[in-house]
2 protein chains.
Amino acid sequence: MAISGQKQGNSGPDKPVQDRLLDAAEQLFAENGFDGASVRDIASAAGCNIAAVNYYFGGKDKLYTEVWRRQLVQMRDARLQAIEQVLSESNGKPSLEDLLKSFANAFIGPFVDESRSRWLMRLMAREMIDQHVHVNVFVEEVIKPTMSAMGGALMKACPGLEESKIPLLIFFLAGQLIHIVHIKAMYEQTEMAEMPAFDLTDAVENIVKFSAAGIRAYAEEKTE
Amino acid sequence: MAISGQKQGNSGPDKPVQDRLLDAAEQLFAENGFDGASVRDIASAAGCNIAAVNYYFGGKDKLYTEVWRRQLVQMRDARLQAIEQVLSESNGKPSLEDLLKSFANAFIGPFVDESRSRWLMRLMAREMIDQHVHVNVFVEEVIKPTMSAMGGALMKACPGLEESKIPLLIFFLAGQLIHIVHIKAMYEQTEMAEMPAFDLTDAVENIVKFSAAGIRAYAEEKTE
DNA sequence: AGTTGTTTCATACGACAGTTTAAAACATGT
DNA sequence: ACATGTTTTAAACTGTCGTATGAAACAACT
C-alpha cells in the first residue's frame with residue numbers, strides 16, 4: 001500500500017486514482033447519501049476497479065471520512081479569508097453590512113458554485129443528521145474557528161454588542177443562509193406555481209439587511 | 001386486505017397493527033433514516049410479523065409516505081392554529097413580538113416535545129434531502145398554507161410591510177428556527193467545551209427580538 | 001533478463017435488504 | 001358445525017451490498 005510519491009498530474013482526466021475516487025465519491029455521496037452510493041458506483045464513476053477503494057482507503061467509511069475532511073478545511077478557509085479580507089480592506093473598522101455581505105457570500109459560495117461542487121450542501125446536510133464522522137471534528141475544525149473570527153469582526157463592526165449574545169447572532173445568520181440554500185434547492189425540484197421566483201443573490205442581500213437590523217437591536221442595547 | 005372496521009382501541013399497547021407499525025416506523029425512520037431502518041426492525045418494534053408492512057401498506061415506501069403524511073397535517077395545523085389564536089386574542093391587531101413568539105413556539109414545538117416525537121426533526125431534515133415523498137405535497141400541504149396565514153398576520157401586525165418581501169422574511173424566520181434545533185441536537189451529541197450552554201427557549205426569545213428588528217427594517221421603508 | 005514491490009483486475013463470499021408465498025390461525029355469519 | 005373471508009406466521013426467494021482474495025499487469029531497479 002503506497003500513499004506518497006504520485007505523479008500529481010493535477011489537471012486533466014488522468015489524475016491519480018485516489019483523487020478520482022475522492023471526486024467521484026464526493027459527488028455520489030452528496031447526490032445519493034452514504035447508503036445510496038454504492039462502492040461499485042463510485043469505482044465505476046472513477047473509472048477504476050471496485051477493490052481500489054479498499055486498497056487505497058481501507059473501506060467505504062474511511063473514503064467518506066476523507067471526502068468530508070477535504071470539504072471541511074476548504075469551507076473554513078473560505079470563511080476565514082473572507083472575514084480577514086473585509087477587516088484589512090477597512091483598516092479594522094468594517095461596516096456591519098460589508099462584513100455580513102462578505103461572510104454570507106463566503107458561506108453560501110461553495111453551495112452555488114456549479115463548477116466545483118454544488119452537491120456540497122446536500123453532503124453537509126446529510127452529515128448534520130447521520131453523523132458518520134464525529135461531530136467534534138466539525139465543531140473544532142469549522143464552527144469554532146468561524147465563530148471566533150466572525151465574533152471578533154462583529155465586535156469591531158458593532159462596538160456596542162454584548163459579547164455573550166454573539167454566538168447566538170451568528171447562529172441566526174447561518175441559519176438563514178443555510179435555509180435559503182435549501183429553499184433554492186426546493187425551487188429547482190418542483191414547479192412552485194403561484195410562488196415568486198427565487199434569486200439567491202437577492203436573498204443574500206436581504207439577509208444582510210435583515211440581519212444588520214437584528215444585530216443592531218442588540219448593539220443599541222448598551223447605550224440605552 | 002381489509003382497511004376499515006378496526007377496533008380503534010386508541011389507547012394502550014393493543015392498538016391496531018397499522019397504528020403500531022406507523023408509530024414504530026416513525027421512530028425508527030427518524031432515528032436511523034429510511035435505509036437505516038429495516039422492515040424487520042420496524043415489524044419487530046411494532047410487535048408483529050415482517051409481512052405485515054407489505055400486507056397493510058404495500059411496501060416500505062408506502063409505509064414511509066404514510067408516516068410522513070401523518071406528520072405533515074399535524075405540523076400545519078399546529079402552526080395555523082397558533083397564528084389564528086394570536087389574531088383572535090388581539091382582535092386582529094397583534095403586536096409583532098406576540099405574533100413571532102407564538103409562531104416560533106408552534107414551529108419548533110413538535111421538535112422539542114419529548115412525549116410525542118422528538119425524532120420529528122431528524123425525520124423532516126432527512127426528507128428535505130432525500131425526497132422520498134414528492135416535494136409538492138410538502139409545499140402544498142404545509143408551506144403554502146403556513147406562508148399564506150403567516151403572511152396575512154404579518155401584514156396586520158406591520159401595516160407598512162412591502163408585500164413582495166413577506167415570503168422572504170418568513171423564510172428567514174423559519175431558517176433561524178430550524179437551525180437552532182439543529183444546533184441543540186449538536187449540543188446534545190458532543191461536549192462543546194468552551195462554548196456557552198444552549199437553551200432553546202432562550203434562543204427562541206432572541207430570535208423574536210432579532211427578527212422583529214429585521215422585519216421592522218422592511219416596515220419602516222415605506223414611510224421614508 | 002530477472003527480481004521485487006506496487007497497482008489493477010475479475011471473481012467469490014457472507015450478510016442483510018425488501019418482498020413473496022403458502023399454510024396456519026383466527027374471526028364471522030349461516 | 002361448517003364455510004368464508006381476513007389476519008398472522010415462518011420460511012424462502014432474489015437482489016445488492018461491502019469486503020476479501022489471489023492472480024495478472026505493471027514499474028523500477030540490479
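By convention in this document, chain letters (A, B, ...) are assigned in the order of the sequence lines, proteins followed by strands, and residues within each chain are numbered from 1.
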Round to a whole Å and report the spacing from CD1 of Ile42(A) to C1' of dT19(D). 14 Å

Over how many whole Å does the gap from Asp19(B) atom CG to dT7(D) atom P extend? 14 Å

Is there a donor-acceptor contact under 3.5 Å linking the side chains of Asp41(A) and Ser44(A)? no

Grab the N/O contacts between the protein and nucleotides 17-24 of chain C below 3.5 Å, and write none if there aren't any.
from, atom 1, to, atom 2, distance (Å)
dG18(C), OP1, Lys60(B), NZ, 2.3
dG18(C), OP2, Val39(B), N, 2.8
dG18(C), N7, Arg40(B), NH1, 2.7
dG18(C), O6, Arg40(B), NH2, 2.7
dT19(C), OP2, Lys60(B), N, 2.8

Which donor-acceptor pairs under 3.5 Å do the side chains of residues 77-84 of chain B make with protein atoms, sequence neighbours left out?
from, atom 1, to, atom 2, distance (Å)
Gln81(B), NE2, Gln85(B), OE1, 3.4

Taking the side chain as everything from C-beta on, heavy atoms only, tell me whether Phe138(A) gets closer than 4.5 Å to Trp68(A). yes

Is it true that Asp199(A) and Lys184(A) make a salt bridge, defined as a side-chain N closer than 4.0 Å to a carboxylate O? no

What is the distance, rounded to the nearest whole Å, between atom OH of Tyr64(A) and atom P of dT19(D)? 15 Å

Arg20(B) atom CZ is separated from dT8(D) atom P, nearest whole Å, by 8 Å

Identify whether the distance between the nearest side-chain nitrogen and carboxylate oxygen of Asp19(B) and Arg70(B) falls below 4.0 Å. no

dT8(C) phosphate, OP1 or OP2, under 4.0 Å from Tyr56(A) side-chain N/O: yes

Between Pro167(A) and Ser164(A), the two heavy atoms sitting closest are CD-O, 3.6 Å

